[in-house]
Protein chains: 2
Amino acid sequence: MNASSTPRPGRPVRGSTTGRSLMAALDLFGRRWTLRIIWELGEEPLGFRLLQRRCDDMSSSVLRQRLVELQEVRIVEVLDDGGYALTSLGHDAREALGPVIEWSRRWAAELADEG
Amino acid sequence: MNASSTPRPGRPVRGSTTGRSLMAALDLFGRRWTLRIIWELGEEPLGFRLLQRRCDDMSSSVLRQRLVELQEVRIVEVLDDGGYALTSLGHDAREALGPVIEWSRRWAAELADEG
DNA sequence: TACTAGTGCTTCGGAATCAGAAGCACAAGA
DNA sequence: TCTTGTGCTTCTGATTCCGAAGCACTAGTA
């Protein structure tokens with residue numbers, strides 16, 4: 001794990017010299033499974049293995065990596081009982097994903113017209 | 001390029017496309033540079049090399065790959081003059097990203113409090 | 001006292017993906 | 001003709017991801 005590779009606003013991001021917060025967010029979200037993890041955790045706090053199952057049995061090594069990254073940037077936190085949960089910031093992020101979900105329905109409908 | 005590997009919302013199953021279309025979207029967006037490309041193309045249509053520059057000089061091979069994928073799922077189209085542009089569906093997707101941008105600002109502010 | 005089953009997490013080899021330099025064919029301008 | 005810029009491909013090495021295996025620990029069961 002290279003901790004310093006986690007994209008953060010205010011600092012240069014992978015392939016970026018500007019460090020604009022949006023680019024940091026796009027980089028963070030543009031990593032496999034991160035969006036999905038945020039989505040699944042939004043429903044309810046989950047333990048490691050259960051969360052893994054919800055994410056189509058993604059590999060445990062990557063899941064662990066993502067969880068560390070998301071903790072570093074305060075989107076995910078560990079509860080007293082050891083479970084993983086979204087922080088308030090994390091919940092905001094998930095809510096911000098709402099329109100994306102609506103869009104994906106329209107997208108699905110449009111693509112279905114052609115097969 | 002394996003064309004069939006591009007995530008698409010599944011065909012309607014038992015009258016509902018809801019669950020799977022979101023997962024397909026999360027998978028599609030969870031690929032490096034995809035979100036960024038949609039974002040940059042939202043400003044205006046761009047040629048290949050200019051788009052590449054806007055995306056922090058990402059590698060041309062990956063850019064080409066992403067553009068093919070995004071064309072397959074009707075988010076990006078090629079104009080008569082050869083430039084790349086978002087389709088109307090693509091513009092909708094970019095607009096759906098609006099709340100994510102607002103969120104990223106709050107995220108930046110909160111993370112700045114600690115360093 | 002086992003024994004079992006579940007947990008969070010790590011390790012590691014191979015597979016898939018990405019990065020980035022190089023270069024090709026083409027077009028427009030000087 | 002010579003240059004410059006374009007879209008795009010190909011190639012090699014680096015990075016990332018996958019996934020099976022297994023470890024240490026806990027809770028329950030007998």
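Predicted model, so just to flag it, every value in this text is computed and none were measured. The sequence lines fix the lettering, A, B, ..., with proteins before strands; numbering per chain opens at 1.
Checked for salt-bridge contact, A/Glu102 and A/Arg105 miss the test: no charged N lies under 4.0 Å from a carboxylate O. At a threshold of 4.0 Å, the pair B/Arg8-B/Glu69 does not count as salt-bridged, since none of the basic side-chain nitrogens sits closer than that to a carboxylate oxygen.
Protein atom CG of B/Asp81 is 14 Å distant from nucleotide atom C1' of C/dA27, rounded to whole Å. Across the protein-nucleic acid pair, B/Arg31 atom CZ and C/dA19 atom P stand 14 Å apart, rounded to whole Å. Atom-to-atom, CG of A/Leu67 to P of C/dC9 comes out at 8 Å; the value is rounded to the nearest Å. Following rounding to the nearest Å, A/Trp33 (CH2) and D/dT16 (C1') show an atom-to-atom distance of 14 Å. Atom CG in A/Leu63 sits roughly 16 Å away from atom C1' in C/dT11 (whole-Å rounding). In this entry the distance linking CG of B/Leu79 with P of D/dG7 reads 12 Å, nearest Å.
In the region residues 45-59 of chain A, proximity to DNA chain C at under 4.0 angstrom, judged on heavy atoms, holds for A/Gly47, A/Phe48, A/Arg49, A/Arg53. Less than 4.0 Å separates DNA chain C from no heavy atom of any residue of residues 34-44 of chain A.
The side chain of B/Arg32 approaches C/dA19 more closely than any other nucleotide in the set D/dC8, C/dA19, C/dT17. Comparing D/dG7, C/dC18, D/dC17 against the side chain of B/Tyr84 picks out D/dG7 as the nearest.
Judged as a salt bridge (charged side-chain N to carboxylate O under 4.0 Å, His left out), and not counting sequence neighbours, B/Arg49 has no contacts. With sequence neighbours excluded, the residues that form a salt bridge (charged side-chain N to carboxylate O under 4.0 Å, His left out) with A/Arg106 are B/Asp92.
B/Gln71 places no side-chain N or O within donor-acceptor distance of the main-chain N or O of B/Glu77, the cut-off being under 3.5 Å.
Judged by distance alone, the side chains of A/Thr6 and A/Glu72 do bring a donor and an acceptor atom under 3.5 Å apart.
Between B/Ser61 and A/Ser61, the residue whose closest nucleotide on DNA chain C is further toward the 5' end is A/Ser61. Remark on DNA chain D: of its neighbouring residues B/Arg64 and A/Arg66, the 5'-side contact belongs to B/Arg64, judged by nearest-heavy-atom nucleotide.
Within the structure, ring pair (Phe, Tyr, Trp, His ring centres under 6.0 Å) contacts touching residues 41-100 of chain B (residues at least two apart or in different chains) do not occur.
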Run the side-chain donor-acceptor check on residues 32-39 of chain A: report pairs under 3.5 Å with partners two or more places apart or on a different chain.
| residue | atom | partner | partner atom | Å |
| --- | --- | --- | --- | --- |
| A/Thr34 | OG1 | A/Leu28 | O | 3.2 |
| A/Thr34 | OG1 | A/Phe29 | O | 3.2 |
| A/Thr34 | OG1 | A/Arg31 | O | 2.6 |
| A/Arg36 | NE | A/Glu40 | OE2 | 2.9 |
| A/Arg36 | NH1 | A/Asp56 | OD2 | 3.1 |
| A/Arg36 | NH2 | A/Arg54 | O | 3.0 |
| A/Arg36 | NH2 | A/Asp56 | OD2 | 3.3 |

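Looking only at side-chain heavy atoms (C-beta outward), A/Glu95 and B/Pro99 stay at 4.5 Å or farther from each other.
For C/dC18, one of the phosphate oxygens OP1 or OP2 lies less than 4.0 angstrom from a side-chain nitrogen or oxygen of B/Gln65.
Between the side chain of A/Ser60 and the base of D/dG19, no donor-acceptor pair of N or O atoms lies under 3.5 Å.
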